Amino acid sequence: MSRGRADGIPKKRLVTSVLVLVIICGLLYLYSKKNGSSGLEYGSKIRKFGSTYLGADEDVDESPPKLGEDEEDGVILKSIPVCDDRHSELIPCLDRNLIYETRLKLDLSVMEHYERHCPVPERRYNCLIPPPPGYKIPIKWPKSRDEVWKANIPHTHLATEKSDQKWMVVKGEKIGFPGGGTHFHYGADKYIASMANMLNFPNNILNNGGSLRTVLDVGCGVASFGGYLLSSDIIAMSLAPNDVHQNQIQFALERGIPAYLGVLGTKRLPYPSRSFELAHCSRCRIDWLQRDGILLLELDRVLRPGGYFAYSSPEAYAQDEEDLKIWKAMSALVERMCWKIASKRNQTVIWVKPLTNDCYMERPPGTQPPLCRSDDDPDAVYNVKMEACITPYSEQNHRARGSGLAPWPARLTTPPPRLGDFGYSSDIFEKDMEVWQQRVENYWNLLSPKISSDTIRNVMDMKANLGSFAGALRNKDVWVMNVVPEDGPNTLKIIYDRGLIGSVHNWCEAYSTYPRTYDLLHAWTVFSDIERKECSGVDLLIEMDRILRPKGFIIVRDKRKVVEFINKYMKALHWEAVATADAEGGSELDDDVVFIIQKKIWRTSESFRNVE
């Protein structure tokens, strides 16, 4: 018996040891599964890729263990990690975690925390943004104006918080948009018609025969105002920050409505002077009197001669003492800015900006706000601080008593007066339109096996020049965000003068939009441009993947070496080639290539588990 007990003790110890080892291994396995697909967190010192820009030495590669590296037809395929699911809505330059972790000292009272603060390269998430669990291909326009899939933007708090204002309602697997807003519970369409009636526009149509085309809607909510303007041939830049009502711009873009993440804070909006015929604020919760009226003066900068500011707010009818105080101060400010009331009804007042400099010149000496310095460039907007001053018109605008723009749609193809600022002739403008018309026709011929008339809605031209790519899409049911590089000719004012919209941006940084917001990206020599800046081509690929919707398309028009570079990352990005063709149209060299790509739809294992 004693021998039997002695033999049993080692066996029990062995079994216990094996069980402990199995449990430890199991826990390690589960931990690795949970964290193995995560991208690098902020503060990581190791970059995933040895090549920082297209001209870098491809032999240098300090990659960690890869998801899979293959070789097909002599092309080495790189691998890119997938971000953790909690980053499915990451906006790198508007990321609150970055602000907290880097301890940026920002003035919250002037909204600096809602402005762009981009991570330095070594602190970027260099990983692919996963879609949320249950993600579906977005509903097509125009149906999308009124409903989206709840799984794509799983945030329903606005439906509860704004239920009395009819912003949005949850309907099973969908979120519906009845067209309401904080000030227009009865519907944006009726509100828009009432504004047109206040201005005595024909047939209560706000576009006023095509003379009112571009609108800036600040504090736009879910952009129903901008969405309902589209049927009147008016295009609005719907603007809102990533604030307590976060996801409002994401909802707007998911609906197929033009929108941009931005704030009236300390820096100029990324739009040139004299870009909009109308600015609109419907209970947008902005203190227009702060800092000597600097925010109202920024609106003045971007309004055209004779442009309107529609302000719907309790202060407009001043029923209590506090509202009356604000109304008196605001009225005094806009009077000193030479604005006049065009119409006032109930809670809405519409001011109009002067057509000339006459009123500015007649103000008593020392009147505040002052005129801006003569050397101030009102079109310089990238990372430029706002100033509390009035932007006077050029001598040409003063004499013309207005912008001199044709009504829409003739405006799109009529050479605008500001062409002369770049030394461009009407012939150059018309030739540019012809070239891009041919190019777009070629693009659509290459895309035709993959698309139907409603496949593409949200389009971004990453280097828009004069906006002729967007102009060539006039007869398609799309809208285009025209992006102009921050370091080139600021042709964005030509784009706005054509009745189109866009923004200034530096593609060495992430764009101010949510993930999965565009159906088509057009990249004309964008990679060659960032190579000259020695920025990361891989970072640009990851950023393009971030903002592109699953099943969306990319059109690259660039040098052959750029296409070869992109090909090395196609598999890792879950992209597939649709077509490759020699570039035709224009004066490009023989080395230029058109490369069309489609993004596949994919999910992480965590997404699959949540769906099940």
Side-chain angles (χ1 to χ4, degrees), residues 138-150 152-153 155-171 174-198 204-207 212-262 276 278-286 308 310-313 346-348 350 457-458 477 479 481 501 513-514 517:
I139 294 169
K140 304 301 183 185
W141 180 268
K143 194 176 179 181
S144 63
R145 188 195 71 172
D146 301 325
E147 61 181 21
V148 302
W149 294 115
K150 183 172 67 175
N152 291 6
I153 309 178
H155 302 283
T156 59
H157 62 283
L158 284 177
T160 303
E161 182 182 340
K162 302 290 184 179
S163 59
D164 60 325
Q165 300 166 12
K166 299 181 181 178
W167 279 34
M168 49 189 269
V169 293
V170 178
K171 302 186 299 184
K174 296 178 181 178
I175 294 174
F177 301 89
T182 304
H183 185 73
F184 42 91
H185 310 172
Y186 49 86
D189 51 349
K190 295 181 179 65
Y191 175 66
I192 291 165
S194 71
M195 287 175 55
N197 181 265
M198 289 174 65
N204 292 338
I205 299 175
L206 194 60
N207 76 355
L212 196 156
R213 165 64 181 171
T214 51
V215 170
L216 176 64
D217 186 18
V218 295
C220 65
V222 293
S224 288
F225 180 74
Y228 279 80
L229 284 173
L230 290 166
S231 60
S232 298
D233 264 345
I234 297 173
I235 189 164
M237 178 67 80
S238 296
L239 181 78
N242 186 25
D243 61 5
V244 293
H245 293 151
Q246 52 184 300
N247 305 102
Q248 52 192 336
I249 291 297
Q250 189 178 16
F251 279 119
L253 291 164
E254 184 76 8
R255 297 172 70 186
I257 300 171
Y260 183 84
L261 273 165
F276 301 97
L278 170 70
H280 173 253
C281 158
S282 172
R283 299 200 186 187
C284 53
R285 302 191 309 162
I286 293 174
Y308 300 99
Y311 181 57
S312 294
S313 180
N346 300 327
Q347 295 185 30
T348 299
I350 303 177
R457 172 61 184 170
N458 300 353
D477 210 358
W479 68 272
M481 181 67 78
I501 61 170
T513 193
Y514 282 89
T517 46

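Note that the coordinates shown come from a computational prediction; the quantities given were computed from them, not determined experimentally.
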Report task. Could you grab the distance from atom OH of Tyr308 to atom CE of Met195, nearest 0.5 Å is fine? Result -> 10.5 Å
Report task. Hey, could you give me the CZ/OH distance between Arg283 and Tyr311, rounded to the nearest 0.5 Å? Result -> 10.0 Å
Query raised in the report: Knowing that exactly one of Leu216, Ile249, Asp217 qualifies, which makes a side-chain contact (heavy atoms from CB on, under 4.5 Å) with Leu239?
Result: Leu216
Report task. Spell out, as yes or no, whether a donor-acceptor pair under 3.5 Å connects the side chain of Arg213 to the backbone of Asp233. Result -> yes
Query - Nearest heavy-atom neighbours spanning Leu230 and Pro258 - result: CD1-CD, 4.3 Å
Query - Donor on one side chain, acceptor on other, Tyr191 and Ser312, under 3.5 Å - result: yes
Requested in this report: Could you walk me through whether Tyr514 and Ile153 pass side-chain contact (heavy atoms from CB on, under 4.5 Å), step by step?
Outcome: CA-CA 11 Å; Tyr514 282 89; Ile153 309 178; over 6 Å; no
Query raised in the report: Is there a donor-acceptor pair closer than 3.5 Å between any side-chain N or O of Arg457 and the backbone N or O of Gly256?
Result: yes
**Report entry** Set of residues satisfying side chain to side chain donor-acceptor pair (under 3.5 Å) with respect to Lys140, sequence neighbours excluded
**Finding:** none
Report summary line: Distance col, row Leu212:CG vs Ile234:CD1, nearest 0.5 angstrom, shows 5.0 Å
**Report entry** Under the side chain to side chain donor-acceptor pair (under 3.5 Å) test, residues paired with Trp149 that sit two or more places apart
**Finding:** none
Report task. Nearest 0.5 Å please: distance from the OG atom of Ser224 over to the CZ atom of Arg255. Result -> 3.5 Å
Query raised in the report: Within a strict 4.5 Å, meaning less than it, do heavy atoms of the Phe177 and Val148 side chains meet?
Result: yes
